[in-house]
Amino acid sequence: MMQSAPRAGAADFDAIIVGAGFSGMYQLHLLRDRLGLKARVLEQGGGVGGTWYWNRYPGARCDSESHSYCFTFSEALYKEWEWSERYPGQAEIMRYMNWVADRLDLKRDIAFDTRVTACRYDAAANLWEVETATGERLTATWLITAVGCLSTANVPKIPGLESFGGRWYHTGQWPHEGVDFTGARVGQIGTGSTGIQAVPVIAAEAKHLTVFQRTANYSVPARNGPLAAEFKAWARENWQAIRETTQSTPNGHPFIIADRSAWDVTEAERQAIYEAAWEKGGLQFRAAFRDLLMDKAANDTAAAFLKAKIREIVQDPETAAKLADIDHPYAAKRPPIDTHYFETFNRDNVTLVDVRANPIERITPEGIRLRDGTEHALDIIVFATGFDAMTGPLLRLNITGRDGLPLAEAWAAGPRTYLGLQVDGFPNLFTITGPGSPSVLCNMPVCIEQHAEWIADCIAHLRGNGIARMEPEPAAVERWVAHVNEAAHATLLPQAGHSWYLGANVPGKPRVFMPYAGGMARYRGICADVAAKGYEGFRLEAPAPV
Ligand code: NA7
C-alpha cells in the first residue's frame with residue numbers, strides 16, 4: 001500500500017516499553033543506558049517481575065534451572081547473585097528481579113500500577129500514542145511490547161461461577177497475602193505445569209483436595225534441592241561457558257541434547273538411559289535422545305517409560321489408570337516437572353476426578369457439579385487453567401496500526417509476524433517474544449536477551465541512518481508464517497491437539513501453532529542474518545523533508 005513518507009515527530013519518549021518483567025527491564029537498560037534514549041516502561045503491576053509478580057500460587061517455581069534462569073549479558077551481574085536452589089522459587093525470583101532493577105537503577109523509569117488500555121499509531125505524526133487506565137496519553141517513536149507470553153489468565157466460563165458461595169482464585173492472579181487452605185475442602189481445576197506444582201502443596205494444607213483432570217499429563221521429578229557450594233562456585237566460574245551453551249542449544253537450556261537416536265541403543269540400554277534421566281530429573285529428560293520430538297515411535301518409548309512410572313508410584317490402580325491415560329506424545333504439550341505430584345494421590349485427603357469422561361456441568365453455590373449429577377462440595381476452587389497464551393497479552397493492549405487497523409482484526413485468523421518481532425501494518429512496533437519467535441519453546445531469559453539486543457541494535461541502526469519508519473514487507477511476513485508452520489510440522493508438537501501452543505485451550509481462538517519450533521540457535525542465526533543484510537524483509541523509510 002502507498003503511504004506518505006513519515007515525519008520525524010516530537011514525541012514524549014523515544015520508546016515506550018509495556019511490561020517490567022525480564023524483557024521490559026532489559027530493554028529499558030539497553031535503550032536508556034547503552035543508546036542514551038529517553039525510554040519509559042509502563043507496568044500494570046505494583047512492582048517488577050512480570051509473570052512472577054502475579055503467579056504467587058502455592059508451589060510456584062520456575063522449571064528452568066537457576067543458573068540459567070537469569071540475565072547473562074553482564075558477567076558482573078551474573079556473578080554477584082547467588083541462587084539457593086536448583087530451581088528458583090517465585091519469592092526468590094522476585095528478590096532477584098528487584099535486585100537487578102535496583103542494581104541497574106531501572107525503577108526511576110518505570111511507571112508502576114499503570115495499565116495500558118490502548119495503543120494507536122498516528123501515521124501523520126509517525127508516533128505511537130499510548131493511553132493508560134487513568135486516561136493519560138503518552139507518545140513515543142517506538143512502541144515495544146514486553147508483556148510476556150503467559151500473562152492473560154484464562155478463567156473458563158463455567159456456568160454458575162458467580163453463584164459459588166466459597167472463594168475462588170486463578171493461579172496467575174494469586175492474592176499477595178496468600179490463601180489459607182487450613183481445614184478447607186479445595187477443588188483444583190487443571191493439571192498443567194502450574195496445577196502439577198500446586199497439588200502437593202495444597203494437599204499438605206487442605207482438609208481435602210479434589211483434582212479435576214481434563215487431560216492427563218506426563219511429569220518428571222524436578223529433584224529440586226539446595227545448591228551445593230561447589231555448584232555455585234562452578235556456575236560463577238563458568239559464566240561464559242554456560243552462556244555459550246544456552247545460546248547454542250535449540251531450547252536455551254544449559255544442557256546438550258544427546259546426539260543419539262532412540263534406535264541407536266538396545267531396549268535395555270534405552271531403559272537404563274531413561275532411568276538415569278528420571279533420577280537426574282527436570283526438563284533434561286527430553287534431551288535423552290535427539291529424536292524424541294521428531295519421531296513418534298521414538299517418543300512412544302519415552303511415553304511408555306513415563307506411564308509405567310505413574311502406575312508404579314500411584315497405589316490405587318483406578319487413579320493410576322486415569323493419571324496414565326495420556327493422549328498426546330511426551331513433550332508435545334509443555335512437559336511439567338514436579339515435586340511429589342503423583343505421590344500426592346496416595347494421600348487419604350486427595351481425590352482425582354476425570355472430567356474428560358464426566359465433564360464439569362456447572363458451579364453451584366456449594367461446589368462443582370458434573371454431568372452425571374455428582375456434586376463435589378467445596379470451600380475453595382483453584383483455577384490452574386492456564387492463559388490466553390502469546391496473543392492474549394498483545395490483543396489486550398488494543399493496538400491499532402496504520403489506517404486504524406486493530407491488531408485483533410489483522411490477526412483474526414491467527415497471529416502473523418515477521419520473526420515474531422514485527423507485524424506488517426504496525427510500523428515501529430516491536431514485540432518481544434512475540435508469536436512466531438521461539439519464546440515459550442525456549443528458556444525465556446535466553447530468548448528475551450536475544451530479542452531485546454536485536455531490537456536495540458535495530459533502533460541504533462535506524463537512528464544512525466536517519467530512518468523514521470520500519471515495518472515488515474507483507475511478503476516477508478507471508479514467508480515467515482509459512483516457515484513457522486513448516487517448522488512446527490517437522491515436529492510432533494502439533495499432535496497435542498488441545499495445547500495452548502495452538503491456542504486450543506481458549507474457546508474460539510484460531511488454531512495456529514504460535515511459537516517458532518525451529519530452535520533458538522537457528523532462529524538467532526536467522527535474525528542476525530536479516531540484520532546483516534540491512535534488515536532484509538523490512539521496509540525502512542527516511543523522514544519526509546521538512
Ligand atoms: P496449562 O498448561 O494451559 O494448563 C491448564 C490446565 O487447565 C490443563 O490441564 C487444562 O486441561 C485445564 N483446563 C483448562 N480449562 C479447563 C476447563 N474448562 N475444564 C477443565 N480443565 C481445564 O496452564 P499452566 O498454568 O499449567 O501452564 C502454563 C505455562 O506456564 C506452562 O506451560 C509453563 O510454561 C509455565 P486441557 O489440557 O486443556 O484439557
Side-chain angles (χ1 to χ4, degrees), residues 21-23 25-26 49-55 57 59-73 77-78 81-97 100 148-151 172 192-194 196-197 218-227 231-232 234-236 238-239 241-257 277 280-288 293 331 333-339 387 389 432-433 437-452 500-501 515 517 519-521 523-524:
F22 270 97
S23 40
M25 284 169 54
Y26 187 39
T51 197
W52 301 104
Y53 180 86
W54 303 102
N55 280 271
Y57 60 86
R61 186 177 293 283
C62 186
D63 289 344
S64 296
E65 299 194 31
S66 302
H67 65 296
S68 67
Y69 194 75
C70 51
F71 290 114
T72 65
F73 67 88
L77 208 59
Y78 188 83
W81 181 262
E82 191 172 285
W83 294 105
S84 67
E85 293 177 282
R86 179 172 173 186
Y87 305 91
Q90 181 271 341
E92 191 168 18
I93 299 173
M94 284 297 286
R95 283 197 294 281
Y96 171 74
M97 302 292 273
V100 172
C149 300
L150 299 163
S151 53
S193 300
T194 299
I196 281 176
Q197 287 186 339
Y218 301 96
S219 187
V220 170
R223 311 260 181 234
N224 187 38
L227 286 174
F231 182 87
K232 294 180 191 175
W234 173 85
R236 255 195 311 276
N238 287 280
W239 161 75
I242 293 166
R243 188 168 149 80
E244 280 165 17
T245 305
T246 57
Q247 294 193 353
S248 65
T249 55
N251 51 30
H253 286 288
F255 49 81
I256 305 291
I257 296 174
K280 196 164 186 188
L283 292 174
Q284 19 195 324
F285 191 91
R286 270 183 305 187
L293 275 178
K333 292 178 84 166
R334 164 68 156 70
I337 61 175
D338 70 274
T339 300
F387 303 89
I432 303 181
T433 65
S437 76
S439 57
V440 291
L441 297 179
C442 176
N443 178 25
M444 291 306 291
V446 175
C447 55
I448 286 169
E449 283 191 346
Q450 185 266 345
H451 261 193
W500 57 259
Y501 293 155
M520 185 59 208
Y523 173 82
R524 182 186 297 276

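As the structure is a prediction and not an experimental result, all values here were calculated from the model.
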When you check the side-chain N and O atoms of Tyr57 and Gln197, is any donor under 3.5 Å from an acceptor?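 Note: Tyr57 and Gln197 side chains meet the donor-acceptor criterion.
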
Residues Asn224 and Thr339: side-chain donor-acceptor under 3.5 angstrom: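 Judged by distance alone, the side chains do not pair up.
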
Let me see the working for Leu227 and Ser84 under side chain to side chain contact (heavy atoms under 4.5 Å, CB included), right down to the final yes or no. CA-CA 6 Å; Leu227 286 174; Ser84 67; over 6 Å; no

Strictly below 4.0 Å, N to O, side chains only: are Arg61 and Glu85 in salt-bridge contact?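 Salt bridge between Arg61 and Glu85, a charged N being under 4.0 Å from a carboxylate O: yes.
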
Hey, what do you get for [atom1] ([X]) to [atom2] ([Y]), rounding to the nearest 0.5 Å?
| X | Y | atom1 | atom2 | answer |
| --- | --- | --- | --- | --- |
| Cys62 | Asn443 | SG | CG | 7.0 Å |
| Ile242 | Phe255 | CD1 | CZ | 13.5 Å |
| Gln247 | Thr72 | CD | OG1 | 6.0 Å |
| Cys447 | Met520 | SG | CE | 5.5 Å |
| Ile337 | Asp63 | CD1 | CG | 4.0 Å |
| Ser66 | Glu92 | OG | CD | 6.0 Å |

With Tyr87, which residues qualify under ring pair (Phe, Tyr, Trp, His ring centres under 6.0 Å), at least two apart?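 Expected list: none.
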
Just to verify, what does Trp234 make a ring pair (Phe, Tyr, Trp, His ring centres under 6.0 Å) with, not counting sequence neighbours?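 So Trp234 forms a ring pair (Phe, Tyr, Trp, His ring centres under 6.0 Å) with Phe231.
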
Please give me the minimum heavy-atom distance between [X] and [Y], naming the atom from each residue.
| X | Y | result |
| --- | --- | --- |
| Pro438 | Pro515 | O-CB, 3.9 Å |
| Arg223 | Gly281 | CG-CA, 3.7 Å |
| Ala389 | Leu150 | CB-CD2, 3.7 Å |
| Cys149 | Thr433 | SG-O, 3.5 Å |
| Thr245 | Pro254 | CG2-C, 3.9 Å |
| Thr249 | Thr246 | OG1-O, 3.5 Å |

Name all residues meeting the salt bridge (charged side-chain N to carboxylate O under 4.0 Å, His left out) criterion together with [X]; count only those two or more places apart in sequence or in a different chain, and write none if there are none.
| X | result |
| --- | --- |
| Arg95 | none |
| Glu449 | Arg243 |
| Arg86 | Glu65 |
| Glu244 | none |

A side-chain contact here means heavy atoms from C-beta on lying under 4.5 Å apart; do [X] and [Y] qualify?
| X | Y | answer |
| --- | --- | --- |
| Pro335 | Arg286 | yes |
| Asn55 | Phe387 | yes |
| Trp500 | Val440 | yes |
| Tyr53 | Met94 | yes |

Test side chain to side chain contact (heavy atoms under 4.5 Å, CB included) on Ser151 and Thr51 and set out the steps. CA-CA 6 Å; Ser151 53; Thr51 197; 5.8 Å; no

Could you walk me through whether Tyr523 and Cys442 pass side chain to side chain contact (heavy atoms under 4.5 Å, CB included), step by step? CA-CA 11 Å; Tyr523 173 82; Cys442 176; over 6 Å; no

In sequence, state the C-alpha distance, the side-chain angles, and the governing distance for Tyr26 and His451, and then conclude on side chain to side chain donor-acceptor pair (under 3.5 Å). CA-CA 10 Å; Tyr26 187 39; His451 261 193; over 6 Å; no

The test is side chain to side chain contact (heavy atoms under 4.5 Å, CB included); show your working for Gln450 and Val446 and say whether it passes. CA-CA 7 Å; Gln450 185 266 345; Val446 175; over 6 Å; no

Just by modelled atom types, is the Ser437 backbone N or O under 3.5 Å from a matching donor or acceptor in the Ser439 side chain?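 Yes; at least one donor-acceptor contact below 3.5 Å.
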
With Phe71, the side chain to side chain contact (heavy atoms under 4.5 Å, CB included) member among Phe22, Trp81, Tyr78: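 In the set Phe22, Trp81, Tyr78, the residue that makes a side chain to side chain contact (heavy atoms under 4.5 Å, CB included) with Phe71 is Phe22.
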
Could you check Asn251, Ile257, Ile256 and say which one makes a side chain to side chain contact (heavy atoms under 4.5 Å, CB included) with His253?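 Result for side chain to side chain contact (heavy atoms under 4.5 Å, CB included) with His253: Asn251.
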
Examine Tyr69 together with Trp83 and report whether their ring centres are nearer than 6.0 Å.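 They do not qualify: ring centres at least 6.0 Å apart.
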
